[in-house]
Amino acid sequence: MSENKSRFNSRFAAIMAMAGSAVGLGNIWLFPYMVGEHGGAAFIIVYIAFCILVSLPIFIAESTAGRVSRKEGYSIMNKVAPVTILASFIILSFYSVVGGWSFDYLIRSFAGGFSGKDIAEAKEVFAGMNGSVVENVSCMLVFLGMTAMIVVAGVDKGIGRFSKISIPVLFIMVVLIAIESLRLPGSGKGIEYLIRPDWSKLDGPAIAAALGQSFFSLSLGVGSIYTYASYMREEDSVLRAGGWTAFFDTAFALLAGLAIMPAVFAAGIEPGAGPSLVFETLPVIFSRMGVVLPVIFFLAILIAALSSSISLLEVVVSWLVHSRGMRRRYAVLLVFFSAAFLGSACAVAPKVFAACDFLSSNVFMMIGALLFALITGWILPREEVMRHVRYRFAYALIRYAAPVMIVAIAVTNLL
Ligand code: TRP
């Protein structure tokens with residue numbers, strides 16, 4: 001096994017890379033809708049509490065495992081490797097299909113493809129794209145190719161540099177969209193939808209959704225955080241990285257809500273979630289607000305997706321390089337072709353796509369997160385772990401609260 005000497009050359013690069021992994025489609029197409037449907041500010045408060053008390057400790061457990069794994073004699077990765085590598089590979093494959101759609105839509109909005117269209121016509125555009133094997137597969141390949149190009153350039157020169165530039169730009173873009181959206185007459189209803197606390201809507205399913213979402217949104221359980229943490233410099237703290245990542249991830253989700261919902265309500269349209277929101281409703285609404293806005297929006301989606309997909313590809317590449325002694329270039333090539341294969345299957349067969357999505361988020365991510373919590377909480381020597389975790393309270397959360405909560409979400413999601 002070759003020693004892992006790859007490093008992010010600054011704390012900023014490491015934190016931006018982790019934030020990039022966390023900030024993704026989940027923040028844009030799931031969170032705002034979830035907030036609105038589950039009680040506004042009431043949901044936001046519960047979400048933040050879960051982030052701090054459950055997801056952040058799991059983040060710290062996963063990143064501590066990554067840091068400790070660098071030391072001789074702690075080959076923990078060998079125990080978790082099969083689950084996390086399979087999981088990140090599967091997620092990479094279907095994520096690339098959606099990444100491909102965002103590339104497709106970026107090009108379309110450059111060409112002004114949505115101006116003057118109504119929602120019914122936008123639905124036809126989406127169905128047409130989805131139905132075209134050539135378009136679907138080639139856009140997926142372009143997206144996967146961009147991911148591979150960033151990763152092949154290396155940990156600091158590729159992933160670190162891309163994240164340091166693109167994540168701040170991404171924040172500026174959503175702020176711009178939010179400002180435009182809030183200036184529309186009637187946008188107040190969107191804010192009301194997002195904020196007005198309604199404690200009666202905070203039922204069991206809402207609470208389970210908050211927990212599951214905070215977990216998914218921080219990219220836990222598939223080794224992305226583990227791998228990135230293994231690249232942090234000795235002097236940089238995982239506690240701090242975790243705190244900042246959780247903060248940026250939540251801030252971005254809230255900003256995305258302010259960019260989307262005011263515009264949706266100002267247009268008098270019912271909000272939705274998922275692909276229909278991003279690829280049917282929003283292109284139409286943003287096109288009514290000018291030619292530039294849709295371009296900024298799809299560029300933002302593309303960057304958010306890319307900064308997540310590089311963290312997925314890197315899990316598999318890092319393992320091939322550090323445990324299998326493969327050269328980085330060949331490792332990237334090998335994963336590119338394998339993911340292109342499964343990605344094509346996902347692009348042409350919705351059932352394969354759905355199965356990959358279901359398996360990874362409900363099964364593999366949960367098992368991976370549970371393993372990281374148990375390894376850091378119970379298997380690694382306490383002194384070694386406490387050097388990174390520092391607070392006894394955090395250690396206790398990792399040992400007891402995290403495993404119980406992971407099992408609770410897994411059971412709720414599968415029921
Ligand atoms: N956090 C990403 C989002 O919000 C999705 C995601 C889940 C992810 N698990 C991941 C991204 C693992 C990269 C790695 O969209």
Side-chain angles (χ1 to χ4, degrees), residues 16-35 47 51 55-56 58-59 62-63 66 80 83-99 101-102 143-144 147 150-151 159 162-163 167 170 174 209-229 242 245-257 273-275 277-278 300-319 335 339 356-369 372 406 409 413:
M16 285 301 109
M18 286 175 167
S21 175
V23 168
L25 287 165
N27 305 54
I28 299 169
W29 84 19
L30 294 177
F31 185 82
Y33 178 75
M34 223 179 243
V35 169
Y47 178 85
C51 246
S55 301
L56 190 53
I58 301 174
F59 185 107
E62 183 169 336
S63 44
V80 258
V83 184
T84 63
I85 284 161
L86 195 63
S88 39
F89 174 73
I90 294 175
I91 301 179
L92 176 65
S93 306
F94 75 82
Y95 214 82
S96 295
V97 176
V98 183
W101 297 346
S102 6
F143 180 83
L144 199 56
T147 307
I150 300 168
V151 170
I159 297 172
F162 175 79
S163 310
I167 301 306
L170 180 60
V174 237
L211 188 54
Q213 172 69 11
S214 77
F215 199 84
F216 177 84
S217 199
L218 281 177
S219 301
L220 303 173
V222 303
S224 288
I225 300 305
Y226 171 100
T227 307
Y228 278 179
T245 304
F247 171 76
F248 284 129
D249 186 51
T250 308
F252 187 88
L254 293 169
L255 278 171
L277 175 67
V278 167
I301 301 242
L302 182 63
I303 292 178
L306 267 177
S307 63
S308 295
S309 65
I310 54 178
S311 79
L312 292 161
L313 177 56
E314 184 59 27
V315 175
V316 192
V317 168
S318 176
W319 177 72
V335 187
C356 285
D357 181 10
F358 178 83
L359 266 184
S360 52
S361 35
N362 293 309
V363 182
F364 290 126
M365 271 175 71
M366 296 299 157
I367 298 176
F372 283 125
I406 295 166
I409 323 175
N413 284 352

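Counting from 1, the numbers follow the sequence of the chain as shown. Being a predicted model, the structure only gives us computed values, none of them experimental. Just follow the structure's listing: the first ligand is 1, and inside any ligand the first atom is 1.
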Heavy-atom donor-acceptor pair, S309 side chain to L306 backbone, under 3.5 Å:
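Side chain of S309 to backbone of L306, a donor-acceptor pair under 3.5 Å: yes, one is there.
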Is a donor on one side and an acceptor on the other found under 3.5 Å between the side chain of N27 and the backbone of G24?
yes
Taking a 3.5 Å cut-off between nitrogen or oxygen atoms, can you list every pair linking ligand 1 to the protein, with distances?
from: ligand 1; atom 1: 1 (N); to: A22; atom 2: O; distance (Å): 3.0
from: ligand 1; atom 1: 1 (N); to: F216; atom 2: O; distance (Å): 3.1
from: ligand 1; atom 1: 1 (N); to: S217; atom 2: O; distance (Å): 3.1
from: ligand 1; atom 1: 1 (N); to: S219; atom 2: OG; distance (Å): 3.1
from: ligand 1; atom 1: 4 (O); to: A22; atom 2: O; distance (Å): 3.1
from: ligand 1; atom 1: 4 (O); to: N27; atom 2: OD1; distance (Å): 3.1
from: ligand 1; atom 1: 15 (O); to: L25; atom 2: N; distance (Å): 3.0
from: ligand 1; atom 1: 15 (O); to: G26; atom 2: N; distance (Å): 2.8
from: ligand 1; atom 1: 15 (O); to: Y95; atom 2: OH; distance (Å): 3.3

Between S219 and S21: side-chain donor-acceptor atoms closer than 3.5 Å
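A pair is found: one side chain offers a donor N or O, the other an acceptor, under 3.5 Å apart.
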Listed by chain and number, what are the side chain to side chain contact (heavy atoms under 4.5 Å, CB included) partners of A19, not counting sequence neighbours?
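Partners of A19 under the side chain to side chain contact (heavy atoms under 4.5 Å, CB included) test: F248.
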Nearest heavy atoms of L30 and Q213, plus distance in Å
CD1-OE1, 3.7 Å
Test F215 against I409 for side-chain contact (heavy atoms from CB on, under 4.5 Å), laying out the working first.
CA-CA 9 Å; F215 199 84; I409 323 175; 3.8 Å; yes
